[in-house]
Amino acid sequence: MAVREAQANWQGTLQEGKGSMRFGSGAYEGAYSFSSRFEEGTGTNPEELIGAAAAGCFSMALSGQLTRAGHPPDRIDTTAKVNFEKLDDGWTITHIDLFTDAEVPGCDEATFKEKAEATRTGCPVARAFSPTTELRVTATLVGAKTAG
């Protein structure tokens, strides 16, 4: 069983404080603040990191789906847009939009869309989201040929 670790430190009050987050592997460390999370300040925020995790997991899992179907991809690029909104019961990630462009030699549009949809519900990070957080995907096959 793999166990991954990340750490966060926060000092001070919610609005005036500041913090840092880092991956246990040491691959990333960055500052965050009230401003970087709820406004447009500099630094990162937990939602960006969730977006990176969702995009990375989706790209990797889609590669596996396509390869198992006989269409190993040359490239898969995924951008995540994490929608973070204040609802009546508090701040909530309401949905995540994934935008994927891929170059997959020999793959038709129908197969690509089928594998992207299977990946949407099957990648480990997507399965970690609560039932109230929708993970939505827009997948684009670059240079697609039509089925048939």
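These numbers were taken from a predicted model, which means no experiment stands behind them.
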Output yes when Glu109 and Lys113 qualify as a salt bridge under the 4.0 Å nitrogen-oxygen rule, no when they do not.
yes

Inspect the surroundings of CG in Asp88 and state if more than 12 heavy atoms from other residues, nucleotides or ligands are less than 6.0 Å away.
no

How long is the span from the OG1 atom in Thr100 to the CG atom in Asp77, to the nearest 0.5 Å?
8.5 Å

First locate atom CZ of Phe84, then atom CD1 of Ile96, and finally report the distance between them rounded to the nearest 0.5 Å.
11.5 Å

Please check: side-chain N/O of Ser35 versus main-chain N/O of Gly41, any donor-acceptor pairing under 3.5 Å?
yes

Rounded to the nearest 0.5 Å, how far apart are CZ of Phe99 and CZ of Arg136?
8.0 Å

Let's go through Arg37 and Glu47 carefully: what are the C-alpha distance in whole Å and the side-chain angles of both, what is the deciding distance for side chain to side chain contact (heavy atoms under 4.5 Å, CB included) to 0.1 Å, and is it a yes or a no?
CA-CA 8 Å; Arg37 189 162 193 205; Glu47 292 72 32; 2.6 Å; yes

Hphob cluster co-occupancy, Leu141 + Met60, side-chain heavy atoms under 4.5 angstrom
no

Nearest 0.5 angstrom please: Phe112 CZ to Gln65 CD, how far?
11.5 Å

Nearest non-hydrogen partners of Val137 and Arg120, listed with the distance
CG2-CG, 3.7 Å

Within one Ile-Leu-Val-Met-Phe-Trp-Tyr cluster: Trp91 and Ile50, side-chain cutoff 4.5 Å
yes

Atom pair SG/CG of Cys107 and Asp74 - distance to nearest 0.5 Å:
11.5 Å

Donor-acceptor side-chain pairing of Asn83 and Glu85 below 3.5 angstrom
no

Hey, quick one: are Phe58 and Val82 part of the same hydrophobic cluster, counting side-chain heavy atoms closer than 4.5 Å, chains of contacts allowed?
yes

Find out if a path of hydrophobic residues (ILVMFWY) with successive side-chain heavy-atom gaps under 4.5 Å connects Phe38 to Tyr32.
no

Can you pull out every side-chain hydrogen bond (donor to acceptor under 3.5 Å, both in side chains) where at least one residue sits in residues 51-62? Sequence neighbours excluded, please.
Ser59-Thr78

Rounded to the nearest 0.5 Å, the OG1 atom of Thr94 sits from the CG atom of Leu87 at a distance of 6.5 Å

Of all pairs that satisfy salt bridge (charged side-chain N to carboxylate O under 4.0 Å, His left out), the ones with a partner from residues 1-25, not counting sequence neighbours:
none

Any donor-acceptor pair under 3.5 Å linking the side chain of Ser33 with the backbone of Ala31?
no

Check for a donor-acceptor pair, side chain of Trp10 on one end and backbone N or O of Gly12 on the other, with a separation under 3.5 Å.
yes

Would you say the side-chain atoms of Thr67 pair up with the backbone N or O of Ser63, donor to acceptor, closer than 3.5 Å?
yes

